[in-house]
Structures are given as structure tokens and as C-alpha cells.
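Below is one structure, written out as C-alpha cells; the observations come after it.
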Amino acid sequence: MVLLGATGSIGESTLRVLSAHRDRLELVGVAARTNHARLAQIARDFGVKHVAVYDEAAGAAARASGAFPAGTVLRTGLPGLIELAQLPAADIVLVAVVGTTGLEPALAALAAGKDLALASKEILVLAGKFIMAEARRHGGKLLPVDSEHSAVFQCLEGHPQAGIRRIVLTASGGAFRDWPHERLAHVTPEDATKHPNWSMGPKITVDSATLANKGLELIEAQWLFNLRPEQCTAVLHPQSIVHCLVEFTDGAMLAQLSPPSMTFPIQHALLHPDRAPGVEPALDFTRLLGLEFRPVDELRFPCFNLARQAMVAGGIAPAVFNAANEVAVAAFLGGRLPFLAIPRVIDETLQDVKHFEPESLAAVLEADAAARRAATARLRRHA
Ligand code: MG
């Protein structure tokens, strides 16, 4: 396998899974954005010959460091990631790079006939139409790594499409699920990056607190499982033990349960369709385990509603939602935007950017850039 985004949170969890299953999985290529010191260590630990550093300056530093084992082939930039995604020795490529950087490498992997394990949700949100078409054209499997989508994938296996009524993704509700609404005006970046259940990067932790993350996941699910927008819903489930519920037309529901750790969905994607011992203990039913479900309070989570609107609108709207959210969250994390202004920036950006149905990836990327400019212009009014 090839792992793009080896030094992030998903990357590190993936390495734990790989370490436990060295008899079945071999790492042949790894990439990181900037952290070349960690990348060199991974190359040594796993005997990886092909590495890539996305950031050119960090790539030059990596070459100069002399830290990589002799015989390592070091590539840089987007072309480096794309070459890695197409390595002849790889059967499966796991894309876990932040944001939209993984888009072209993901398409390249599918074009080369690889299976694609997807952790970066932006890829389907922006380019679901192109990714799904490329997978169909070349016969590659799409294996979700996001915990909720892995859960849906597991619940749907063996069930005909016509029998699915809807899927319900669970949301922890993030860091502020029990805060009174008045307090949300004073949320600091530090408050927003403490997630009660999951350990993740700062951007996705903020997205969990606003439920923008769950909105992006509905859009992701729509593409992965070929569903209509009204078939994709969410429920608050503070324990993050049940990752999805799938409701069938007869009213029966299947759920998938596992502890809140990414090693479970990662292992499922990498070993599919096989099962093997997990790297962490399963749930322990000899201890008290309470599971709660509550409806999503749409007043408290306006970003969730905006994502649903974008999903229903289709075309470039999901890409515009994603871009505006990224700009707003970065400004919030940088102390330049109040927490409650995040949905306002997204809402205004969705109205600013002219809607259309993209016919190429280039058109999507143009819409993404236009949305970033519009959102950046909107920031000033809310700072
Ligand atoms: Mg998720």
C-alpha cells in the first residue's frame, strides 16, 4: 500500500494497523506535507523506498538532511504525490492528506487501477462525481476510512440498494454540545480544539463542534453509497460508540459499534473483505455502557443546515460550502473571526458564488478558488 499523509493523525493510526499486520500489508510509499524527519523515521521503520514531501522547501530540507536510508527515492510537490499514487508495486492507496491536496493523487490512483481508501472527505465533497466515475471506469474499489462511512459500508454489505430507506450518521456534537447558546459567542480556539471523544487535528475538531464535519460527511455518504440527499441524515450520539444506523425499507435498522478510535475503520479498509484481530480492545459489555441518541438541534448547529442545503443544491455548492468553511475556520483558529461568525461567512459565500454544474475537475477547482476569495472578502465584516 501507499500512504499519503503519513505523519498526521490518520497516518499515525494507519502505521499502528500496519505494524500489527506486517504479514498482510506492506508499505511501499509514504508521503507527508512537511514533516520530513518523521517521514525518514517511517521509511527506516517500515523499509519504504519511495517517499514524497509535498512542500517544496521541506522537500529540499529533506534531501539535505541525509536522514533517509540509502536508496530512498525522494519526490516532492504534487507531481511527487501523484507518482506515489501510481507506484506499480501498490494495490491500494490510502489518501489522508489535509484538504484538497489529495484530489489529483486520488484520481491518479484510480486511473492506475488501484483501490482507493479515502480519509480526506474533501475529495468526495468536491469531486464525488469524477471520483465515482473514475472508480467505475477502472474497476477500483472505494474503501471509506471515515468512521461513519466505514460503518455504513459494513452495514450495507450484501444488501441490495433498493432495500435502503436511509442512513443515519452519528455525531458526537463536539466540544460545546452541552454549552448554553449564549456562551458560544465567547468560544476561543483553545476551547474548540478539545474534543470530548476523538483525538484529531484542530480543523476537524472545530468542524465537529459546528457540525460542519457531519454536513460534509452526509455529502460524502451521498456519493459513496449512491443515495439521494433526503436519504442521508444524522443524529447526536454523545458516546461515539455507534457510528451509523442504516434503516431498510421494512423498518429494520442495522448499526455498527466500535470504540471511538480510527484504527477500527482503517483496518477494515485495508484488510477488506477479511477480518483479523484489531490493534485495540473491542467494547467491553461486562461494564456499564449507556448509549444516547438525540435529534440535531438545527439552531445550535447552523453549519449543519448550510451543508444540507449545499447537498440538496448539488453542482458546485458542496465545494463552495467546504471552501468557505475552511477559510472561516482558519480565521477562527487564527483569532481573526468569532466562533458564531463561521456559519455567517459560509452562508454569505454560498450566496455570493454563482451556481453551476461542473463538467470538469478544473471547473470545480475554479469554483473552490472563487469561493475562497469570496469568503476571505466576507471575513472582514465579521472580524
Ligand atoms: Mg467521521
Side-chain angles (χ1 to χ4, degrees), residues 5 8-14 17 94-100 102 106 116-126 128 131 142-156 167-177 192-225 227 232-246 255-270 280 291 293 296 301 303-304 307-308 310-311 318 321-322 325-326 329:
S9 156
I10 298 283
E12 293 293 348
S13 293
T14 303
V17 171
L94 196 164
V95 180
V97 299
V98 174
T100 51
L116 181 64
L118 268 184
S120 310
K121 55 192 57 142
E122 292 82 357
I123 290 175
L124 285 171
V125 169
L126 265 76
I131 290 278
L142 262 183
L143 298 153
V145 169
D146 211 343
S147 57
E148 297 80 358
H149 303 80
S150 173
V152 174
F153 187 74
Q154 293 179 55
C155 290
L156 286 183
I167 60 160
V168 185
L169 305 184
T170 57
S172 69
F176 317 123
R177 63 190 175 208
T193 47
K194 281 187 214 131
H195 195 284
N197 303 358
W198 297 89
S199 155
M200 306 179 290
K203 198 266 176 179
I204 188 168
T205 305
V206 175
D207 285 351
S208 294
T210 63
L211 247 63
N213 183 56
K214 207 52 50 183
L216 292 170
E217 288 181 353
L218 293 184
I219 298 166
E220 223 186 328
Q222 190 198 357
W223 287 113
L224 276 171
F225 307 113
L227 300 168
C232 305
T233 57
V235 66
L236 285 192
H237 167 51
Q239 292 80 18
S240 299
I241 299 285
V242 175
H243 303 292
C244 83
L245 298 148
V246 171
Q256 188 270 346
L257 290 74
S258 52
S261 162
M262 289 307 293
T263 60
F264 293 93
I266 290 167
Q267 174 161 323
H268 185 267
L270 296 180
E280 288 176 85
L291 300 175
F293 300 92
V296 174
F301 298 109
C303 291
F304 179 72
R308 286 176 62 114
M311 172 168 69
F321 171 88
N322 175 66
N325 181 54
E326 276 188 34
V329 171

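All values below come from the heavy atoms of this structure, side chains included, with hydrogens, waters and symmetry mates left out. Counting starts at 1 for both ligands and their atoms, in listed order. Being a predicted model, the structure only gives us computed values, none of them experimental.
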Exam field: side chain T233 to backbone I167, donor-acceptor pair closer than 3.5 Å: yes
Under 3.5 Å side-chain donor-acceptor pair for N213 and K121: yes
Modelled atom types, side-chain donor and acceptor of S258 and H243, under 3.5 Å: yes
With sequence neighbours excluded, residues passing side-chain hydrogen bond (donor to acceptor under 3.5 Å, both in side chains) with E122: none
Any residue meeting side-chain hydrogen bond (donor to acceptor under 3.5 Å, both in side chains) with Q154, in chain and number order, not counting sequence neighbours: S150, R275
The Mg ion (ligand 1) neighbourhood, protein N/O/S only, threshold under 2.8 Å: D146 OD1, E148 OE1, E217 OE2
Residue list, side-chain contact (heavy atoms from CB on, under 4.5 Å) with A307, at least two apart or on another chain: F321
